[in-house]
Each structure stands twice: as C-alpha cells, then as structure tokens.
Amino acid sequence: MSDTLPDEADRRLTELEIKASYAEDLLDRLNEVVVRQQARIDLLLREVAQLRREQPDGDVRVVRSLRDELPPHY
C-alpha cells in the first residue's frame, strides 16, 4: 500500500479544506459587521444619553399653543 491518499479521499480532503477556508472568511466578515454595529450602538447610546441630559426636567411644563401644531398651509 502506498503512503498517498487514494484519489477520492484526496478530493474530499481538498473540498473540506476549501469549505473551511470559506467558513473562516465568512466568520471574519461577520465579525467585522458585528464590530461596526456595536460601534454604532455605542454611538447611539451616547447620543440618547446626551439628549436626555439636554431635555428639560419632567417637572417643568412647557406651554405650547395649538397654533404651533397647525400645518404651515393654514
């Protein structure tokens, strides 16, 4: 018996290596997407926190006129 793999086993091994390579590439790309999404989430959380700090306290009532609510064509 020779030390080389039979043709069928060699072909299957090559296919598995190709699939593993594609899976590794996909995993890397998905990881990049997750990192970008987390950065956006962090930014949005900071923006929301800033808006909450800038918002008037709940105890202060703002008097609004119903005229301010009318569409501009009236």
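Heavy atoms only: backbone and side chains are in, while hydrogens, waters and symmetry mates are out.
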- [ ] Taking the side chain as every heavy atom from C-beta outward, state whether V35 and E32 have any atom pair closer than 4.5 Å.
- [x] no
- [ ] Answer with yes or no whether the side chains of R53 and Q50 bring together a donor and an acceptor at under 3.5 Å.
- [x] yes
Open item on the list: Would you say CD of E54 has more than 12 non-hydrogen atoms from neighbouring residues, nucleotides or ligands within 6.0 angstrom?
Closed with: yes
TODO: Quick one: pull up CG in L30 and CD in Q37 and give me the separation to the nearest 0.5 Å.
DONE: 10.0 Å
Task: Point-to-point distance, once rounded to the nearest 0.5 Å, from CG of L45 to CD of Q38 - done: 8.0 Å
TODO: Measure the spacing between CG of L51 and CG of L44 and express it to the nearest 0.5 Å.
DONE: 10.5 Å
Task: Approximate separation, where rounding is to 0.5 Å, of D7 CG and R11 CZ - done: 10.0 Å
TODO: Indicate yes or no: does R12 engage E15 in a salt bridge with an N to O separation below 4.0 Å.
DONE: no
Open item on the list: Nearest 0.5 Å, please: how far is CZ in R36 from CG in N31?
Closed with: 10.0 Å
Open item on the list: Donor-acceptor check, side chain of S21 to backbone of E17, threshold 3.5 angstrom: yes or no?
Closed with: no
Open item on the list: Please report the interatomic distance CZ(R29) to CG(D25), rounded to the nearest 0.5 Å.
Closed with: 4.5 Å
